[in-house]
Enquirer: 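First the structure, which I've put down as structure tokens, then a few questions once you've had a look.
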Amino acid sequence: MISSFKHITYDKESEMAYIYLLDPLKHRIASTEELEQNDEIVLDLGESCPIVGIELEGKAASQIVTLPEHPKYKKVTSKDGSINYILLLSNQEIKREVQYPGVNTVTFLFANQECEEFVGISIVESKWYCEAHFLGGNS
């Protein structure tokens with residue numbers, strides 16, 4: 001069953017955005033950590049899952065405002081046969097991909113080597129991250 005929470009939220013008052021990778025009502029947050037390469041990206045790490053959600057601040061968050069009301073993930077099959085769900089915040093060319101240490105299912109995409117220009121995320125389908133969540137039509 002698909003829950004009714006929004007996948008992406010933006011708070012105008014705090015100028016912060018949040019991308020939910022998992023239903024926050026079903027997965028507890030164990031810790032919150034900054035992405036080493038860009039401190040405007042803060043990860044909520046789960047107790048029994050990799051990443052529950054991603055908080056965006058500053059320039060990274062401002063990109064959410066320009067997205068359509070219901071941004072879409074794109075399903076892509078890699079050369080190795082794995083399935084990825086990709087959410088792009090801009091159409092800039094991806095020049096660097098980074099992962100949080102120990103989490104190989106979520107990749108952060110950047111338009112420059114310095115990781116200042118956040119352009120999106122790529123999530124590998126797994127027991128945690130599935131098509132029903134990313135493409136199931138939630139609003």
Side-chain angles (χ1 to χ4, degrees):
M1 182 171 154
I2 298 171
S3 68
S4 61
F5 72 92
K6 292 181 179 279
H7 286 272
I8 300 173
T9 60
Y10 181 77
D11 183 324
K12 290 180 185 176
E13 192 172 305
S14 67
E15 297 181 340
M16 296 175 69
Y18 198 86
I19 301 172
Y20 293 91
L21 301 186
L22 294 169
D23 186 333
L25 300 176
K26 296 179 181 176
H27 301 279
R28 293 178 53 99
I29 296 169
S31 64
T32 300
E33 303 288 335
E34 288 181 353
L35 187 66
E36 181 180 338
Q37 294 83 356
N38 183 323
D39 63 4
E40 291 184 343
I41 301 171
V42 180
L43 313 176
D44 283 337
L45 305 173
E47 281 184 356
S48 60
C49 58
I51 300 173
V52 176
I54 303 163
E55 185 176 287
L56 304 174
E57 303 170 349
K59 188 174 181 181
S62 67
Q63 292 176 285
I64 298 295
V65 177
T66 64
L67 292 178
E69 185 177 344
H70 302 290
K72 302 280 190 248
Y73 283 86
K74 181 179 175 185
K75 182 178 179 180
V76 176
T77 303
S78 299
K79 292 177 187 175
D80 66 2
S82 65
I83 295 173
N84 293 276
Y85 302 99
I86 300 173
L87 178 68
L88 295 176
L89 305 179
S90 78
N91 59 2
Q92 293 175 282
E93 180 182 352
I94 299 166
K95 298 203 175 165
R96 184 162 180 202
E97 301 178 4
V98 298
Q99 294 177 325
Y100 183 79
V103 178
N104 62 2
T105 51
V106 179
T107 302
F108 298 87
L109 310 172
F110 296 92
N112 62 356
Q113 290 297 320
E114 298 78 24
C115 298
E116 296 165 346
E117 299 287 331
F118 178 63
V119 296
I121 54 175
S122 176
I123 301 131
V124 177
E125 185 172 66
S126 66
K127 71 178 186 174
W128 302 112
Y129 308 118
C130 64
E131 184 169 336
H133 177 77
F134 298 107
L135 303 179
N138 285 353
S139 58

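Remember, it's a predicted structure, so these values are computed and weren't measured experimentally. Along the sequence shown, residues carry numbers from 1.
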Enquirer: When you measure from the side chain of Gln63 to the backbone of Val119, do you find a donor-acceptor pair of N or O atoms at a distance under 3.5 Å?
Expert: no

Enquirer: When you group the ILVMFWY residues by side-chain heavy-atom contacts below 4.5 Å and let the links chain together, are Leu45 and Ile121 in the same group?
Expert: yes

Enquirer: How far apart are the C-alpha atoms of Thr107 and Gln99, what are their side-chain angles, what is the distance that settles it, and do they pass the side-chain contact (heavy atoms from CB on, under 4.5 Å) test?
Expert: CA-CA 5 Å; Thr107 302; Gln99 294 177 325; 3.0 Å; yes

Enquirer: Kindly give the heavy-atom pair with the smallest separation between Gly46 and Val52, and that separation in Å.
Expert: CA-CG2, 3.7 Å

Enquirer: What is the distance from atom CG of Leu21 to atom CD1 of Ile51, rounded to the nearest 0.5 Å?
Expert: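 Here the rounded value is 6.5 Å.
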
Enquirer: Should Asn38 and Phe108 be marked as a side-chain contact (heavy atoms from CB on, under 4.5 Å) after you check the CA-CA gap, both sets of side-chain angles, and the distance that decides it?
Expert: CA-CA 10 Å; Asn38 183 323; Phe108 298 87; over 6 Å; no

Enquirer: According to a 4.5 Å side-chain heavy-atom criterion applied to Ile, Leu, Val, Met, Phe, Trp and Tyr, with indirect links allowed, do Val124 and Tyr73 form part of one hydrophobic cluster?
Expert: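 Not linked; separate clusters.
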
Enquirer: As an exercise, state the distance from OH of Tyr100 to CD of Glu34, rounded to the nearest 0.5 Å.
Expert: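 If we round to the nearest 0.5 Å, Tyr100:OH and Glu34:CD are 10.5 Å apart.
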
Enquirer: First locate atom CD of Glu131, then atom CD of Glu125, and finally report the distance between them rounded to the nearest 0.5 Å.
Expert: 6.5 Å

Enquirer: Can you check whether His133's main-chain N or O pairs, donor with acceptor, with His7's side chain at less than 3.5 Å?
Expert: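 Yes; at least one donor-acceptor contact below 3.5 Å.
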
Enquirer: With a 4.5 Å limit on heavy-atom distance, are the side chains of Glu40 and Phe118 in contact?
Expert: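 Heavy-atom side-chain distance check fails, nothing below 4.5 Å.
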
Enquirer: So, the side chain of Ser78 versus the backbone of Asp80: is there a donor-acceptor pair under 3.5 Å, distance only?
Expert: no

Enquirer: Locate the shortest heavy-atom distance separating Leu87 from Lys72; write the atom from each residue and the value.
Expert: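 Closest approach of Leu87 to Lys72: CD1-O, 3.6 Å.
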
Enquirer: Measuring from atom OG of Ser122 to atom OH of Tyr129, what distance do you get when rounded to the nearest 0.5 angstrom?
Expert: 12.0 Å

Enquirer: If you compare all heavy atoms of Pro50 against all heavy atoms of Val103, which two are closest, and at what distance to 0.1 Å?
Expert: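 Of all heavy-atom pairs spanning Pro50 and Val103, the closest is CB-CG1, 3.8 Å.
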
Enquirer: According to a 4.5 Å side-chain heavy-atom criterion applied to Ile, Leu, Val, Met, Phe, Trp and Tyr, with indirect links allowed, do Val76 and Leu135 form part of one hydrophobic cluster?
Expert: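 No, Val76 does not connect to Leu135 through the hydrophobic network.
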
Enquirer: Do side-chain atoms of Asn84 reach the backbone of Ile86 as a donor and acceptor pair under 3.5 angstrom?
Expert: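 Between the backbone of Ile86 and the side chain of Asn84 there is no qualifying donor-acceptor contact (under 3.5 Å).
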
Enquirer: Hydrophobic clustering (ILVMFWY, side-chain heavy atoms < 4.5 Å, transitive) - are Ile123 and Ile94 grouped together?
Expert: no

Enquirer: Rounded to the nearest 0.5 Å, what separates atom CG in Asp44 from atom SG in Cys49?
Expert: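 One gets 10.0 Å once the value is rounded to the nearest 0.5 Å.
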
Enquirer: Would you indicate whether the side-chain heavy atoms of Val42 and Thr32 approach each other to under 4.5 Å?
Expert: yes

Enquirer: Which pairs of donor and acceptor atoms, one on a side chain in residues 53-61, lie under 3.5 Å apart (sequence neighbours left out)?
Expert:
unit_1: Lys59; atom_1: NZ; unit_2: Glu117; atom_2: OE1; d: 3.3
unit_1: Lys59; atom_1: NZ; unit_2: Glu117; atom_2: OE2; d: 2.5

Enquirer: Measuring from Ile64:CD1 to Ile8:CD1, what's the distance to the nearest 0.5 Å?
Expert: 5.0 Å

Enquirer: Is Thr9 close to Tyr20 at the side-chain level, that is, under 4.5 Å between some pair of heavy atoms?
Expert: yes

Enquirer: Verify the ring-centre separation between Tyr85 and Phe134: is it less than 6.0 angstrom?
Expert: yes

Enquirer: Are more than 12 heavy atoms from other residues, nucleotides or ligands located less than 6.0 Å from atom CD of Glu33?
Expert: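 Counting other residues, nucleotides and ligands, CD of Glu33 exceeds 12 neighbours.
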
Enquirer: Group every Ile, Leu, Val, Met, Phe, Trp and Tyr by side-chain heavy-atom contacts under 4.5 Å, then state whether Leu43 and Tyr10 land in the same group.
Expert: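 Cluster IDs for Leu43 and Tyr10 match.
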
